[in-house]
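Let me begin by presenting the structure, written as structure tokens, before commenting on it.
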Amino acid sequence: KIHPLVNLHQDNRAAIGHALLLDPKRKAGALATIESQSIVMIGPLKLKQGGFGIIARKPIFTPFASKLLPDESWSSEGVTYTRVCSNVTHRNDEVCSFPGPIENGTQTYFWGFAT
């Protein structure tokens, strides 16, 4: 069943656009999920949309994902965090490329999370 992001009982808009791989409070859990290549439970933790919870994340790997993650900036509490993958001079491959399993002879790459 697909649950709406917003209804009478919940409002999850604060979590939309949350850059998990840039957020120092969430980065370790996000990386652990990618490295495990399986569903990982994280928490309990304070949720962006309020309250506390446990989050289940599944990393999605596909041969159609770009080898490099897109450049991204994210701000929280007056601090801006940035990942630059497009510029070879500034690129850190440890945070820019996450190869996944090989499927039918083709390398897959991390695309995002299903939660």
Side-chain angles (χ1 to χ4, degrees):
K1 180 177 178 181
I2 297 175
H3 294 277
L5 292 172
V6 178
N7 66 24
L8 294 175
H9 306 289
Q10 64 183 2
D11 185 348
N12 295 312
R13 286 179 284 198
I16 297 172
H18 184 195
L20 297 171
L21 293 170
L22 295 180
D23 182 347
K25 295 176 184 175
R26 301 285 201 265
K27 185 176 182 177
L31 289 173
T33 302
I34 293 169
E35 290 168 4
S36 76
Q37 297 184 9
S38 63
I39 296 172
V40 172
M41 305 288 281
I42 300 170
L45 48 85
K46 187 174 181 186
L47 302 173
K48 288 285 180 188
Q49 59 270 45
F52 289 86
I54 296 173
I55 299 172
R57 289 192 189 104
K58 176 180 173 62
I60 305 300
F61 293 92
T62 175
F64 304 105
S66 173
K67 179 179 179 179
L68 299 174
L69 293 177
D71 296 347
E72 187 172 28
S73 292
W74 179 76
S75 298
S76 176
E77 300 173 0
V79 178
T80 299
Y81 303 91
T82 304
R83 177 186 61 237
V84 177
C85 298
S86 62
N87 184 325
V88 177
T89 306
H90 297 102
R91 181 170 55 225
N92 176 351
D93 284 339
E94 291 182 17
V95 298
C96 286
S97 183
F98 298 101
I102 294 176
E103 294 180 3
N104 300 321
T106 303
Q107 179 67 60
T108 63
Y109 290 93
F110 174 70
W111 176 83
F113 295 106
T115 56

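Starting from 1, each residue takes its place in the sequence as its number. Note: hydrogens, waters and symmetry copies are ignored here, and every other heavy atom, side chains too, is used. Predicted model, so just to flag it, every value in this text is computed and none were measured.
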Q. Is His18 atom NE2 crowded by more than 12 heavy atoms from other residues, nucleotides or ligands, each under 6.0 Å away?
A. yes
Q: Hydrophobic side-chain clustering at under 4.5 Å (ILVMFWY, transitive links): who's grouped with Leu22? Put none if nobody.
A: Trp74, Val79, Tyr81
Using a 3.5 Å cut-off and no angle test, enumerate the donor-acceptor pairs between side-chain atoms of residues 53-64 and protein atoms at least two apart in sequence or in another chain.
from, atom 1, to, atom 2, distance (Å)
Thr62, OG1, Phe64, N, 3.1

Which donor-acceptor pairs under 3.5 Å do the side chains of residues 41-50 make with protein atoms, sequence neighbours left out?
from, atom 1, to, atom 2, distance (Å)
Gln49, NE2, Asn12, OD1, 2.9

Q) Of all residues at least two apart in sequence or in a different chain, which pass the side chain to side chain donor-acceptor pair (under 3.5 Å) check with Thr115? A) none
Q. Which residues pass the salt bridge (charged side-chain N to carboxylate O under 4.0 Å, His left out) test with Asp93, sequence neighbours left out?
A. Arg91
Q: Could you work out the complete set of other residues in the hydrophobic cluster of Leu68, with links drawn between I, L, V, M, F, W and Y side chains under 4.5 Å apart?
A: none
Tell me which donor-acceptor pairs under 3.5 Å the side chains of residues 95-106 have, and how far apart each pair is, sequence neighbours excluded?
from, atom 1, to, atom 2, distance (Å)
Ser97, OG, Lys67, O, 2.9

**Q.** Non-neighbouring partners of Arg26 that pass salt bridge (charged side-chain N to carboxylate O under 4.0 Å, His left out), sequence neighbours left out
**A.** none
(Q) Contact between Leu21 and Ile34 at the side-chain level, heavy atoms closer than 4.5 Å - yes or no? (A) yes
Q: Just jot down the salt bridge (charged side-chain N to carboxylate O under 4.0 Å, His left out) partners of Glu72, sequence neighbours excluded, or say none.
A: Arg83
Q) Sequence neighbours excluded, which residues qualify as salt bridge (charged side-chain N to carboxylate O under 4.0 Å, His left out) partners of Lys25? A) Glu77
Q) Taking ILVMFWY side chains as joined if any heavy atoms are under 4.5 angstrom apart, and letting links pass through other members, which residues group with Val88? A) none
**Q.** Pairs involving residues 19-57, ordered by first then second residue, that meet disulfide bond (SG atoms under 2.5 Å apart) (sequence neighbours left out)
**A.** none
